[in-house]
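I'd like to ask you about the structure that follows.
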Amino acid sequence: MLFDFKLIKSVYEQMPERVKNARKNLGKPLTLSEKILYSHLSVEEKGNKFTRGEDYVNFAPDRVAMQDATAQMALLQFMNAGKTKVAVPSTVHCDHLIQASIGAEKDLADAKQQNNEVYDFLESVSQKYGIGFWKPGAGIIHQVVLENYAFPGGMMIGTDSHTVNAGGLGMIAIGVGGADAVDVMAGMPWELKMPKLIGVKLTGKLSGWVSPKDVILKVAGILTVKGGTGAIVEYFGEGADAMSCTGKGTICNMGAEIGATTSIFGYDQNMSNYLRHTGREDVADLADVVMDHLRSDEEVYENPEKYYDQVIEINLSEMQPYINGPFTPDLAHSLSEFGKAVKENNYPQKLEVGLIGSCTNSSYEDLSRAASLAKQAKDKNLKVKAEFVVTPGSELVRYTTERDGILKEFEEIGGVIMANACGPCIGQWKRHTEDPTRKNSIITSFNRNFAKRNDGNPNTHGFVASPELVTALAIAGDLCFNPMTDTLINEDGVEVRLDEPKGLEFPPNGFDMKDSGYLAPGTDGSAIAINVNESSERLQLLAPFQAWDGKDWTGLNLLIKAKGKCTTDHISMAGPWLRYRGHLDNISNNMLIGAVNYFNGETNSIFNPVNGKYEEVPVTARDLKASGLGSVVVGDENYGEGSSREHAAMEPRHLGVKVVIVRSFARIHETNLKKQGVLGLTFANKADYDKIQEKDKFDVTGLTNFAPGKPLKLIVTHEDGSKDTIVANHTYNDVQIEWFKAGSALNLIRIQNAK
């Protein structure tokens, strides 16, 4: 489907001159990332030169995408921005609220009934403000964007961390919180620190059992969950050009798991082919003309170490498959080493469920390669030993794979086809098990595998691999099975081996579908009224947060000192809590309930200074707020990694948290805290984290002279009366300090629009 052709044409018409000017201003050849970034500077920034990793820059993205769970809060905020229509093309995609349980048809019907109030709200707001609306069942946001909206050389933001998926089609696509989306939809510049650049040179060619998923699993092992923070990862080389467009999308998608701002590939013939196969021949024709501007300059490719801040080289011809996990996506094991790791670490060897699909791996190529193994299992008389679940990424892929008999191959070995939605990947999985807390193993082709992520069970060991490897292991039912070397005993007692998977990049008869599920926005929404029932448990209109009172803060209480990994899943869980994403007060009852309390090693059990008891985190926060007492959250490294959900910042703000001080932040979460008026700080001396005691009180000094680059101080008073002075760094610039003073970025927008 072809959308926004005039916008795309305009980008390509202006790009040559903008790239030429950027090359002149920087005085050097340009990487692809620099070409796109400097082509999307907001008006007042044009002609400037910026330092990577230091300078904040204002950009003008081409479009905004929102999924239904995050769109609720984003649109509730936009309704308060004083605008009558979005300033750039924007879309809402209903993919997160559909729970996978029995199968696509029944699950989708149940979701429409259970979430009717939310869907009606999102549809009516979309119609009122000129936003495209993709109905439940249409597909997962990132797959739908890749098929319809992404274009080489463009720039978009999306209220989901895996927005970066569009990098597979040569687009700078960045995951953000809803407040950032409001900025762009309101026609304001969008701010980002100029990213550093990591170059990944791919040589050789993929073959056999190795897939694009294995590339990013290997990269995650190299860079870890924080190694890409503040950087764009740019892939190039003969191996990159030989890879399918959707394979590139898979790699970019999981760039979110290394903390990267985004990931991207240069435009090539495979991208052009993908555009043409998905009904965007006109875009491909335009992109082909300006191809030189949609790739890095040749000097960059010839001498990458000179132009990137870090360079990694991977020979695809020498690679083997990878399996990452459990509990973190960067614990990388090559397939040949994985069986040993299973036994040495006492991971449950029996595989209970294999799940394929999701926004990461649900292309026609992915499913056809996995289906070739399912067909082998049937033909070789193998009984599949694990449950098998398939989640198509979009109606375009689902309808086409059903037409071509691919889904039937899965069903004939016992596979269950779920709705075109996120489902088990985000905890929207009604897993049928006799013991929901039992130690067990599952393997997915998804992107994240944090504890409790998929099924709410902290003892579920989640592993991540390619769809074909997941399928092979599901057939075997054994985590230690290596399909490259091992055999299986079939139902006749005969020893058989699985052949290498084979698939097709595109359907031989083209893509097809009967109903895309898309609802175009009306031309005039002025007569549409948005009604939210005051007694609703799902939706709640937002009241502005209070502005800063102009004084230093004194007498703040420690709420929680989080120990170890504390992702946005720990701060604001998904799964069943998704139903409250449009109701700030109700969803705040999940605030930090997954974080581990440093002082007792437990979750959701902290000291309550108001009554001296150990209680749940949200209960304690509400008691402190009701008593007029502000609070402080202390965190460890890479605090807030994972999803872009801004609820993880809005809930602390709503429940009276004034300060979050950590050893280091994940990029999106730090920005979200700033946007909502929470003071996000880092320990100047990371060892000061160890000084924080359970009953501490905090004074924050230096706020009256809050300025960029000038540290603040925390005076920490311990229970015995002794004190520690902790120097706290921050990354606020002048504009972000104004957000803080106004009480939130949205408050500042409202003030500016009222002038």
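Nothing here was measured: the structure is a model prediction, and the numbers come from that model. We number each residue from 1, following the sequence as shown.
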Check: Is there a donor-acceptor contact under 3.5 Å from the side chain of N747 to the main chain of F545?
Finding: yes

Item checked: T278 and E147 side chains, donor-acceptor separation under 3.5 Å -> no

Next item on the list: Using a 4.5 Å cut-off on heavy atoms from C-beta on, say whether the side chain of D107 contacts that of Q99.
Entry: no

Notebook entry, point to check: With a distance cut-off below 6.0 Å to the six-membered ring centre and an angular limit of 45° from the axis, does R63 pair with Y149 as a cation-pi contact?
Noted result: yes

Margin query: Between E537 and R579 (salt bridge meaning N to carboxylate O under 4.0 Å), is one present in this structure?
Written below: yes

Item checked: Atom pair CG/CD1 of L37 and I232 - distance to nearest 0.5 Å -> 4.5 Å

Margin query: Within 45 degrees of the ring normal and closer than 6.0 Å to the centroid, is that where the cationic atom of K741 sits relative to F706?
Written below: no

Checklist line | L294 vs V290 side-chain heavy atoms within contact, under 4.5 Å | finding: yes

Check: Counting distance only, does the side-chain N/O of S124 pair as donor-acceptor with the main-chain N or O of D120 below 3.5 Å?
Finding: yes

Margin query: Salt bridge or not between E123 and K128? Use side-chain N to carboxylate O under 4.0 Å.
Written below: no

Margin query: Could you report the tightest heavy-atom contact between N80 and L542, atom names first, then the distance?
Written below: ND2-O, 3.5 Å

Next item on the list: Provide the closest heavy-atom pair for V184 versus A87 in the form atom of the first, atom of the second, distance.
Entry: O-CB, 4.1 Å

Margin query: For N589, run the side chain to side chain donor-acceptor pair (under 3.5 Å) check against E651, R622, H583 and tell me which one passes.
Written below: R622

Notebook entry, point to check: Between H162 and E257, does any side-chain donor sit less than 3.5 Å from a side-chain acceptor?
Noted result: yes

Next item on the list: Output yes when a side-chain donor or acceptor of E191 lies under 3.5 Å from a complementary backbone atom of N58, and no otherwise.
Entry: no

Notebook entry, point to check: Between N447 and T360, is there a donor-acceptor pair closer than 3.5 Å when you use the side chain of the first and the backbone of the second?
Noted result: no

Item checked: Contact check, side chains of Y639 and V660, non-hydrogen atoms, under 4.5 Å -> yes

Check: To the nearest 0.5 Å, what is the distance between NZ (K675) and CG (L748)?
Finding: 9.5 Å

Note to self: Whether the R448 and S161 side chains hold a donor-acceptor pair (N or O, under 3.5 Å, no angle test) is what I'd like checked.
What the structure shows: yes

Next item on the list: Hey, can you tell me if W134 and H93 have their rings parallel, tilted or perpendicular (30° and 60° cut-offs)?
Entry: parallel

Check: Looking only at side chains, do E646 and T70 share a donor and an acceptor under 3.5 Å apart?
Finding: no

Item checked: Sidechain-backbone polar pair: Q676 side chain, V678 backbone, donor-acceptor under 3.5 Å -> no

Next item on the list: Give the minimum heavy-atom separation between M418 and P392, together with the two atoms involved.
Entry: O-CD, 3.4 Å

Margin query: Would you say that H40 contacts P61 through its side chain, given a criterion of any heavy-atom pair below 4.5 Å between the two side chains?
Written below: no

Checklist line | side-chain contact (heavy atoms from CB on, under 4.5 Å) between Q428 and L578, intermediate numbers included | finding: CA-CA 9 Å; Q428 282 285 61; L578 286 172; 3.4 Å; yes

Note to self: Pairing donors with acceptors under 3.5 angstrom, does anything connect the side chains of S536 and E117?
What the structure shows: yes

Check: What is the minimum heavy-atom distance between T568 and G642, and which atoms define it?
Finding: OG1-C, 3.8 Å

Next item on the list: For F78, check ring pair (Phe, Tyr, Trp, His ring centres under 6.0 Å) against everything at least two apart and list the hits.
Entry: Y129

Next item on the list: Please confirm whether the backbone N or O of D515 pairs with a side-chain atom of E395, one donor and one acceptor, at under 3.5 Å?
Entry: no

Next item on the list: Check for a donor-acceptor pair, side chain of Y56 on one end and backbone N or O of T731 on the other, with a separation under 3.5 Å.
Entry: yes

Checklist line | Atom of P708, atom of D734 and distance for their closest heavy-atom approach | finding: CG-OD1, 3.2 Å

Note to self: With side-chain contact (heavy atoms from CB on, under 4.5 Å) as the criterion, how do L584 and M73 come out once you've worked through the C-alpha distance, each side chain's angles and the decisive distance to 0.1 Å?
What the structure shows: CA-CA 8 Å; L584 180 56; M73 198 57 70; 4.1 Å; yes

Check: Could you go step by step and tell me if D62 and I8 meet the side-chain contact (heavy atoms from CB on, under 4.5 Å) rule?
Finding: CA-CA 9 Å; D62 299 311; I8 297 170; over 6 Å; no

Margin query: Under a plain distance cut-off of 3.5 Å, with no hydrogens placed, do H669 and T671 share a side-chain donor-acceptor pair?
Written below: no

Next item on the list: Using a strict 4.0 Å threshold on nitrogen-to-oxygen distance, state whether R280 and D285 make a salt bridge.
Entry: no

Notebook entry, point to check: How long is the span from the NE2 atom in H277 to the OG1 atom in T246, to the nearest 0.5 Å?
Noted result: 11.5 Å

Checklist line | Whether F59 and W190 hold their rings parallel, tilted or perpendicular, with breakpoints at 30° and 60° | finding: tilted

Check: Hey, are E534 and Q540 close enough side-chain-wise for a donor-acceptor pair under 3.5 Å?
Finding: no

Notebook entry, point to check: Going by atom types only, do S39 and Q14 share a side-chain donor-acceptor pair under 3.5 Å?
Noted result: no

Checklist line | M15 side chain near I36 side chain, heavy-atom distance below 4.5 Å | finding: yes

Checklist line | Main-chain N/O of L122 paired with S126 side-chain donor or acceptor, under 3.5 Å | finding: yes

Next item on the list: Compare all side-chain heavy atoms of K9 with those of L286 and state whether any distance is below 4.5 angstrom.
Entry: yes

Check: How long is the span from the CG atom in L30 to the NE2 atom in H293, to the nearest 0.5 Å?
Finding: 10.5 Å

Checklist line | F3 CZ to N148 CG distance, which is reported to the nearest 0.5 Å | finding: 5.0 Å

Would you be so kind as to tabulate the donor-acceptor pairs closer than 3.5 Å made by side chains of residues 164-176, with sequence neighbours excluded?
unit_1: N165; atom_1: OD1; unit_2: N253; atom_2: ND2; d: 3.2
unit_1: N165; atom_1: ND2; unit_2: H142; atom_2: O; d: 3.4

Next item on the list: Locate the shortest heavy-atom distance separating D183 from I749; write the atom from each residue and the value.
Entry: OD1-CD1, 2.9 Å

Note to self: Taking the side chain as everything from C-beta on, heavy atoms only, tell me whether V397 gets closer than 4.5 Å to S362.
What the structure shows: no

Check: Can S394 and N420 be counted as having a side-chain donor-acceptor contact under 3.5 angstrom?
Finding: no

Next item on the list: Give a yes or no on whether a salt bridge exists between R645 and D160, defined as a side-chain N under 4.0 angstrom from a carboxylate O.
Entry: no

Checklist line | Check: V145 and M156 side chains under 4.5 Å, non-hydrogen atoms | finding: yes

Notebook entry, point to check: Is a side-chain N or O of Q736 found less than 3.5 angstrom from the main chain of N733, in a donor-acceptor match?
Noted result: yes

Check: Is a side-chain donor or acceptor of T159 paired with a backbone partner of G178 at a separation under 3.5 angstrom?
Finding: no

Checklist line | Pairwise distance CG(D524) to NZ(K85) - rounded to 0.5 angstrom | finding: 8.5 Å

Next item on the list: May I have the step-by-step check of side chain to side chain donor-acceptor pair (under 3.5 Å) for K248 and S263, ending in yes or no?
Entry: CA-CA 10 Å; K248 293 176 173 72; S263 301; over 6 Å; no

Note to self: Using the ring centroid of each side chain, check whether Y267 and F151 are separated by less than 6.0 Å.
What the structure shows: no

Note to self: Does C94 form a side-chain contact (heavy atoms from CB on, under 4.5 Å) with F133? I'd like the steps, not just the answer.
What the structure shows: CA-CA 8 Å; C94 295; F133 183 74; 3.5 Å; yes

